[in-house]
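The next block holds one structure in the form of C-alpha cells; read it before the comments.
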Amino acid sequence: MNQSVLLRIRRASKAYSGIPALVDADFDLLRGEVHALMGENGAGKSTLIKILAGVIPPDRAEIEVDGRSVSITSPQSAFAHGLRFIHQELHAVRHLSASENIFLGQTYPTRFGIQVRWKLLHQQAEQVLARLGIEHIDPRRTMGHLSPGDQMLVNIAHAFVGDNLDEDRALIYVMDEPTAALTGAETAQLFRVIDRLRQRGSAVLYVSHRMDEIFTIADRVTVMRDGRVIATAPIDTITPPELIEKMTGRDLQAIYPARTVPISDSILLDAQGIATAAVQPATFAVRAGEIVGVAGLNGSGRTELLRAIMGLDKLTAGELWLDGKRLKPHTAERAWLEGIAYVPEERRSQGLVLSRSVGDNLTLPKLASLSIGGWMLAHGSQGRVSRELAETVQLKARGPAQIVRELSGGNQQKVVFGRALVQMPRLLLLDEPTRGVDVGAKVDLYHIIREISGRGAGILLVSSDLPELIGMTDRILIMRGGQVADTAYSPGLTAERLLALCYGNMDHVG
C-alpha cells in the first residue's frame with residue numbers, strides 16, 4: 001500500500017492568555033496507518049485535535065490533506081476535508097433516541113419535507129450500527145437509558161454516518177479515548193473496524209492512555225509533552241517503559257504502590273443480602289484498610305452495586321452496616337453524612353457541574369459548613385479548602401475560580417476525585433476512577449488511594465482495567481448477571497484468569 005502522507009501539520013501553535021498550549025507542533029499521518037498520539041493531560045493533544053476539528057483557531061498552523069493546503073475554520077470544513085472525530089467525552093443528547101444521536105447534524109428522512117419518517121430513520125441507524133458489528137443496541141431507546149459503554153458505541157457510529165467502509169475512499173479518523181467506556185469485546189470489535197479502515201487506505205489518529213491498546217493497534221506513535229512533540233517512532237522500536245519516560249519526563253517503574261499498612265481485622269462494611277432492581281441479593285464485607293475490587297463485563301451489575309451502597313438506587317432487600325451501625329434509612333445524603341464517598345462512572349453527566357467553578361465542584365458536599373449563617377458562602381474558607389484538595393490530587397488548573405468545563409478530561413476526573421476527599425471518607429466507592437487519565441496522573445491517584453486505605457478507610461474499586469484491579473486490590477468480587485458470583489484473590493492473579501472468571505468459564509480462583 002502507498003504510504004504517502006495523508007495529513008501533514010507544520011508549526012501548529014496555540015496560546016491562551018499568553019500561556020502556550022501548543023508550540024510549533026509538526027506531525028505526519030500516513031495513508032493506511034494507525035498513528036498513536038500520547039502524552040499526559042495538558043500535553044497539547046486535545047489542543048491539536050480541536051484545531052483539526054475546527055473547534056478552535058490556531059495562532060499559527062500549516063495543514064495539508066492529501067497534498068493540498070487546507071484551511072480548517074469550522075467543524076463543517078473539517079468534515080468536508082475528510083476528517084471524522086470520535087471524542088473521549090460523551091456529548092449525547094440524553095432525551096433523544098440513539099437514532100437521532102447517530103444522525104445529529106444530518107438531514108433526517110422526511111415525508112413531504114415536514115414529517116420525520118421515524119421508521120426509516122431507525123432502520124438507517126440499525127444499518128450504521130450493523131456495519132460496525134453492533135447489534136444489541138435498540139436505536140429507538142433514548143440515550144439516557146443506555147449504559148455509558150453503549151452511548152460511546154452510538155458516538156462511534158455517528159462518526160461513520162455517510163461513510164461506506166467498503167468504498168475505496170481515504171478518510172482521516174481521529175479517535176480520542178474511544179474505548180474508555182467499552183468492554184473487551186466491544187474494543188475488539190472497534191479494532192476490527194479500524195483494521196478495515198487501514199486496509200482501504202484511510203488513516204487513524206488514535207489517542208489513548210491504555211498502553212496495551214497502543215502496542216496492539218498502532219503502527220507508529222508520537223509523544224507530546226508540555227505542548228511540544230517530543231518524539232515519533234515506529235511502535236516496534238520502543239518499549240512501554242521508554243514510552244512512559246518520554247511522556248512524563250520521569251521513570252515510573254513502580255506503577256502500583258505496595259501496601260505498607262496491614263489490613264485491619266475489623267469489618268467496616270457489612271452487606272447482608274442487599275438487592276436492587278438490577279442487583280441480586282449480595283452478601284460480602286470490606287475490612288478497614290482493605291481495597292476490594294469489583295470486576296465484571298458491561299451490564300454485570302458492577303456500577304449498580306456501588307449505587308446501591310451509596311443509596312442512589314433503592315434497596316429492595318437486605319441490610320447495610322457501617323462500623324457496626326445499620327444504615328437506615330439508606331439515602332445518598334445519609335451515606336455522605338456517614339462518611340461514604342463516591343466517584344461515579346461518568347464524570348460529565350454524573351459527577352460535575354460543568355458550568356461552575358473548580359472550587360464549587362470540589363466543595364459541593366461541604367457548602368453548608370462553608371457558609372456564614374447557612375446562607376452566605378465564605379469564599380475565603382472555600383478557596384482554602386479547594387486549594388488543599390487541588391494540591392492533594394495534583395490538579396492542574398488556574399485556580400479555584402476556573403470553570404470546570406475548561407479543564408482537560410483528566411483534570412475534570414481529578415476534581416471528582418478531590419471532592420470525594422473533602423472529608424476523609426470511611427468508605428470510598430470508586431467507579432472507573434482513572435478512566436481518561438494519563439499514566440502519570442494515574443500513578444498519582446494510585447498513591448492517594450493507597451494512602452487513604454493506609455489510614456483505615458475501606459475501598460471498593462470498579463475498573464475495566466484488569467491490570468489496575470489486580471495491582472491495586474487485595475481481592476476482587478466477580479459479578480455476573482447482577483450477582484456477586486465469585487471471589488478472586490489478587491496476589492498471583494493474571495488478567496487472563498480474571499477475564500475468564502468474568503465470563504464464567506473457569507473454576508473458582510483464590
Side-chain angles (χ1 to χ4, degrees), residues 49 53 55 75 78-79 83-109 116-165 171 173-194 196-197 202 204-208 210 213 278 297-300 302-304 344-352 354 409 431-432 435-436 464:
I49 290 172
V55 174
F79 187 90
L83 282 94
R84 306 290 185 265
F85 294 85
I86 297 168
H87 295 287
Q88 169 188 348
E89 304 296 351
L90 295 174
H91 297 289
V93 184
R94 294 175 61 80
H95 66 277
L96 297 183
S97 68
S99 295
E100 291 169 281
N101 275 271
I102 288 174
F103 287 96
L104 276 179
Q106 305 290 321
T107 302
Y108 293 176
V116 176
R117 300 176 63 186
W118 293 110
K119 184 176 181 179
L120 180 57
L121 179 69
H122 297 322
Q123 289 175 346
Q124 291 176 347
E126 285 180 345
Q127 292 170 3
V128 174
L129 291 168
R131 288 210 312 269
L132 301 176
I134 302 167
E135 299 178 349
H136 68 283
I137 296 178
D138 182 352
R140 295 166 297 184
R141 293 197 71 188
T142 59
M143 287 289 277
H145 289 95
L146 297 180
S147 69
D150 284 349
Q151 289 183 40
M152 178 56 76
L153 290 177
V154 170
N155 272 7
I156 291 171
H158 171 75
F160 288 93
V161 168
D163 299 339
N164 188 335
L165 299 187
L171 296 174
Y173 293 89
V174 181
M175 302 186 179
D176 187 1
E177 295 283 352
T179 65
L182 302 186
T183 65
E186 292 165 345
T187 296
Q189 177 60 43
L190 176 62
F191 284 1
R192 286 192 287 271
V193 172
I194 290 175
R196 290 174 65 188
L197 298 176
S202 291
V204 176
L205 179 57
Y206 193 90
V207 180
S208 177
R210 295 183 172 180
E213 289 185 2
L297 305 178
N298 193 27
S300 63
R302 303 172 307 171
T303 291
E304 290 78 7
E345 178 183 18
E346 215 291 302
R347 56 178 170 261
R348 291 176 67 89
S349 63
Q350 301 171 2
L352 294 168
L354 293 170
D431 196 349
E432 305 285 4
R435 173 178 291 169
S464 300

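FYI, side chains are in, hydrogens and waters are out, and symmetry mates aren't considered; it's all heavy atoms of this structure.
With sequence neighbours excluded, the residues that form a side chain to side chain donor-acceptor pair (under 3.5 Å) with E345 are T303. Listed by chain and number, the residues in a side chain to side chain donor-acceptor pair (under 3.5 Å) with R117 amount to none (sequence neighbours excluded).
With salt bridges taken as basic N to acidic carboxylate O contacts below 4.0 Å, one links E432 and R302.
In this structure, the side chains of M175 and V204 come closer than 4.5 Å at one or more pairs of heavy atoms. Contact of the I102 side chain with the Q124 side chain is not registered, since no non-hydrogen atoms from C-beta on lie closer than 4.5 Å. Looking at heavy atoms from C-beta onward, Y206 lies in side-chain contact with I194 at the 4.5 angstrom threshold. Taking 4.5 Å as the limit, every side-chain heavy atom of V174 sits out of range of all side-chain heavy atoms of I86. When side chains are defined from C-beta on, S202 counts as touching L171, because their heavy atoms get closer than 4.5 Å.
The shortest non-hydrogen separation linking I156 to P178 is CD1-O, 4.0 Å. H95 approaches T142 most closely through the heavy-atom pair O-CG2, 3.9 Å. Considering all non-hydrogen atoms of both residues, R131 and R196 come closest at O-NH1, 3.4 Å. For the pair F103 and H158, the tightest heavy-atom approach, listed with the atom from each and the gap, is N-ND1, 4.4 Å. Across every non-hydrogen atom of P139 and E126, the tightest pair is CG-CG, 3.5 Å. Nearest approach of I49 to F85, heavy atoms of both residues: O-CE2, 3.9 Å.
Once rounded to the nearest 0.5 Å, the distance linking NE2 of H122 with CG of L129 reads 12.0 Å. Between atom CG of residue L205 and atom CG of residue L83 there is a gap of 9.5 Å, rounded to the nearest 0.5 Å. For the atom pair CG (L146) and CG (D138), the distance works out to 8.5 Å, reported to the nearest 0.5 Å. How far CE of M152 is from CG of L190: 10.0 Å, rounded to the nearest 0.5 Å. Rounding to the nearest 0.5 angstrom, the gap separating the OG atom in S464 from the CZ atom in R210 is 6.0 Å.
Under the 3.5 Å distance criterion, the side-chain polar atoms of E100 are matched with a main-chain donor or acceptor of S97. Without hydrogens or angle criteria, N101 side chain to M143 main chain gives no donor-acceptor distance under 3.5 Å.
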Practice item. Give the C-alpha distance, both sets of side-chain angles, the deciding distance and a yes or no for side chain to side chain contact (heavy atoms under 4.5 Å, CB included) between Q151 and R94. Key: CA-CA 9 Å; Q151 289 183 40; R94 294 175 61 80; 3.7 Å; yes
Practice item. Let me see the working for K119 and L121 under side chain to side chain contact (heavy atoms under 4.5 Å, CB included), right down to the final yes or no. Key: CA-CA 5 Å; K119 184 176 181 179; L121 179 69; over 6 Å; no
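Side-chain N/O atoms of E213 and T179 include a donor and acceptor closer than 3.5 Å.
Heavy-atom neighbours of R140 CZ from other residues, nucleotides or ligands within 6.0 Å: at or below the threshold of 12.
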